[in-house]
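Note on naming: letters A, B, ... go to the chains in the order of the sequence lines (proteins, then strands), and numbering restarts at 1 for each one.
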2 protein chains.
Amino acid sequence: MTLDEAWRILQENQFKRTKNRDTILKFFSNKDRYLTALEVKNFMADDNPGISFDTIYRNLSTFSELGILEETDLNGERHFRMQCDPGVHHHHFICTACGKTRSIPHCPMEMITVNLPDYEVEGHKFEIYGKCPLCVQK
Amino acid sequence: MTLDEAWRILQENQFKRTKNRDTILKFFSNKDRYLTALEVKNFMADDNPGISFDTIYRNLSTFSELGILEETDLNGERHFRMQCDPGVHHHHFICTACGKTRSIPHCPMEMITVNLPDYEVEGHKFEIYGKCPLCVQK
DNA sequence: CCTTAAAACAGGAATCATTCCGATTCACTC
DNA sequence: GAGTGAATCGGAATGATTCCTGTTTTAAGG
C-alpha cells in the first residue's frame with residue numbers, strides 16, 4: 001500500500017494529519033517485513049526522540065484496524081507491516097533470521113471450511129516460518 | 001495422550017517424578033482446550049497453594065519441548081493443551097468464546113511448499129478461530 | 001489571521017505475563 | 001539413611017503494553 005492510499009483511508013475516517021503518523025507510515029513503506037513498536041521508536045529518534053509508546057501503540061492499533069497495517073504475534077510480541085496488497089487475501093512466509101517476509105497467495109481455508117458444519121468461523125492464521133534464501137547461505 | 005504415556009516420556013528423559021508435575025499433568029488430561037499458566041495455578045490452589053509461577057512455567061516448557069503438551073500464542077499469551085494424538089500432525093479450530101478446540105486433520109503445507117524453492121522451512125502455524133456449535137446457539 | 005473544541009500527544013506510572021535468582025527442599029542412587 | 005543434583009519457593013526483576021493526567025496540535029469557522 002502506498003502512503004497516499006494510507007492517508008486517504010485515514011482522512012475518510014476523520015483522522016488528523018500529524019507529523020508522528022506521517023513518520024510512522026514512512027517507516028513502514030517499502031519494507032517487506034514485520035516490525036515492532038520498539039523499532040518504530042528507534043526510527044523516530046531523529047524526528048521526534050521524545051515520542052511515547054502510548055502514541056506509537058495507539059497509532060499502530062489504529063492503522064491495523066483500518067487495514068493499513070497487517071498485524072501478527074511473533075513470540076508473544078506484536079509485529080506490524082504495511083498491508084501489501086489491500087483487498088487480496090494472502091498469507092506470509094516469515095524468515096526467522098532476518099524477518100523478511102514473502103507473500104503466499106494460497107489460502108488453506110477454502111478446502112477446509114466444508115468440514116466444519118455448525119461452526120461459525122471468524123478468522124484464521126496461517127504462517128510459515130524458516131530461513132529465506134539469503135539467510136540459508138550463511 | 002494419557003498420563004502414563006506422559007510419565008514414560010518424562011522418565012525416559014531423566015525427569016523426576018514430583019507432586020507438582022503430577023498435578024499439572026492431571027489438570028491437562030481429558031481437556032480439549034488451550035489453558036494458561038494462571039489457570040494451572042488456580043487449579044493447584046487445593047493441592048499446593050504456594051506453587052510459584054517459576055515452577056509452573058518451567059514444567060509447562062519442559063512438557064512442551066518433550067511433546068507432551070502442545071503450545072500456542074493466543075493474544076500474546078502462552079497457552080498449552082495436552083498433545084491429542086502424538087505423532088499425527090494436525091491443526092486446531094479454537095473457539096474464541098469457550099476455548100474448546102476441534103482437531104483439523106488437513107495440513108495446508110503439503111500443497112504449498114513446492115512454491116518455496118531455496119527457502120528452508122522450519123515450521124508453520126495454522127489455526128482457525130470462531131465459535132463452536134454450542135457457543136453459536138447462545 | 002484568531003478562536004475554539006476535539007484529537008493527539010508526552011511523560012511517567014501502572015499492569016500483566018514471564019523470567020531470573022538465591023536459598024531451601026526433594027527425589028533417586030548407593 | 002546419606003549424598004547429590006534436580007526441583008521448588010518466594011520474591012525481585014524484566015519487558016511489552018496500557019493507563020492517566022495535563023499539555024499541545026490540528027482542523028474548522030468566524
Side-chain angles (χ1 to χ4, degrees), chain A residues 3 6-27 34-66 68-69 71-81 99, chain B residues 3 6-27 34-66 68-69 71-81 99:
Chain A
L3 293 180
W7 276 116
R8 182 182 51 72
I9 294 172
L10 281 166
Q11 294 191 333
E12 271 173 9
N13 289 273
Q14 286 84 45
F15 285 94
K16 296 182 174 172
R17 184 156 206 140
T18 68
K19 194 105 201 307
N20 283 333
R21 286 191 178 130
D22 200 52
T23 312
I24 294 173
L25 286 174
K26 275 182 186 146
F27 177 55
Y34 279 100
L35 301 158
T36 63
L38 180 58
E39 288 171 303
V40 173
K41 179 146 169 61
N42 291 338
F43 177 76
M44 307 284 286
D46 298 332
D47 195 70
N48 180 2
I51 192 171
S52 76
F53 278 106
D54 190 44
T55 300
I56 293 173
Y57 280 109
R58 182 167 20 76
N59 283 315
L60 292 180
S61 297
T62 297
F63 297 162
S64 181
E65 280 159 22
L66 294 175
I68 294 169
L69 296 181
E71 180 176 359
T72 194
D73 265 327
L74 297 175
N75 309 319
E77 286 176 39
R78 297 176 76 181
H79 284 66
F80 303 85
R81 59 157 294 149
Chain B
L3 294 180
W7 276 117
R8 181 182 52 73
I9 294 171
L10 282 167
Q11 295 191 329
E12 273 173 7
N13 289 274
Q14 285 85 46
F15 285 95
K16 295 182 177 172
R17 185 154 205 142
T18 68
K19 194 102 200 308
N20 282 333
R21 287 189 178 133
D22 200 53
T23 312
I24 294 173
L25 285 175
K26 275 181 186 146
F27 177 56
Y34 279 99
L35 301 158
T36 63
L38 180 58
E39 289 172 303
V40 172
K41 179 146 169 61
N42 291 338
F43 177 76
M44 306 285 285
D46 299 332
D47 196 68
N48 180 2
I51 192 171
S52 78
F53 277 107
D54 189 44
T55 300
I56 293 173
Y57 280 110
R58 182 165 21 75
N59 282 314
L60 291 180
S61 296
T62 298
F63 296 161
S64 181
E65 281 161 21
L66 294 175
I68 293 168
L69 296 182
E71 181 175 356
T72 195
D73 265 327
L74 298 174
N75 309 319
E77 288 177 36
R78 296 176 76 182
H79 284 67
F80 302 85
R81 58 158 295 148

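Shown for residues 38-51 of chain B: residues whose heavy atoms fall under 4.0 angstrom of DNA chain D, namely B/Asn48, B/Gly50, B/Ile51. Residues from residues 6-20 of chain A that place a heavy atom under 4.0 Å from any atom of DNA chain D, listed by number: A/Lys16, A/Arg17.
The shortest side-chain heavy-atom distance between B/Asn48 and B/Thr23 does not fall under the 4.5 Å cut-off.
Contact footprint of chain B on DNA chain C: nucleotides with an atom under 4.0 Å from a non-hydrogen protein atom, first to last in 5' to 3' order, C/dA17 to C/dC28. The nucleotide range of DNA chain D contacted by chain B, defined by atoms under 4.0 angstrom from heavy atoms of the protein and reported 5' to 3', is D/dG5 to D/dG10.
For B/Thr72, the side chain to side chain donor-acceptor pair (under 3.5 Å) partners are B/Lys125, B/Glu127, not counting sequence neighbours.
Backbone-only contact: B/Asn59 has heavy atoms under 4.0 Å from sugar-phosphate atoms and none from a base. Among the heavy atoms of the strands lying under 4.0 Å from A/Arg21 are primed sugar atoms or P, OP1, OP2 only; no base atom is included.
Pairs of residues two or more places apart, or lying in two chains, that qualify as salt bridge (charged side-chain N to carboxylate O under 4.0 Å, His left out) and include a residue from residues 17-27 of chain B are B/Lys19-B/Asp47, B/Asp22-B/Lys26.
Distance check, rounded to the nearest 0.5 Å: CD1 of B/Ile56 to CZ of B/Phe43 gives 11.5 Å. We find the OG1-CG distance between A/Thr55 and A/Asn59 to be 7.0 Å, quoted to the nearest 0.5 Å. Summarising the geometry, atom CD1 belonging to B/Ile68 is positioned 11.0 Å from atom CG belonging to B/Leu60; distances are rounded to the nearest 0.5 Å. Here the straight-line distance linking atom CZ of A/Phe27 with atom CE of A/Met44 works out to 10.0 Å at 0.5 Å rounding. In this structure, A/Glu77 CD and A/Thr36 OG1 are separated by 6.5 Å, a value rounded to the nearest 0.5 Å. Taking CZ from B/Phe15 and CG from B/Leu66, the interatomic distance works out to 5.0 Å, rounded to the nearest 0.5 Å.
Closest-nucleotide positions on DNA chain D for A/Asp54 and A/Ala37 were compared, and the one nearer the 5' end corresponds to A/Ala37. Between B/Arg78 and A/Arg58, the residue anchored nearer the 5' end of DNA chain C, judged by the nucleotide with its closest heavy atom, is A/Arg58.
For the residue pair A/Ser61 and A/Arg58, no side-chain donor N or O sits within less than 3.5 Å of a side-chain acceptor on the partner. Judged purely by distance below 3.5 Å, without hydrogens or angles, the side chains of B/Glu65 and B/Thr62 never pair a donor atom with an acceptor atom.
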Apply side-chain contact (heavy atoms from CB on, under 4.5 Å) to the pair B/Phe63 and B/Leu10, showing each step before the final yes or no. CA-CA 8 Å; B/Phe63 296 161; B/Leu10 282 167; 3.8 Å; yes
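Heavy-atom contacts from other residues, nucleotides or ligands closer than 6.0 Å to CG of A/Asn75 number 12 or fewer.
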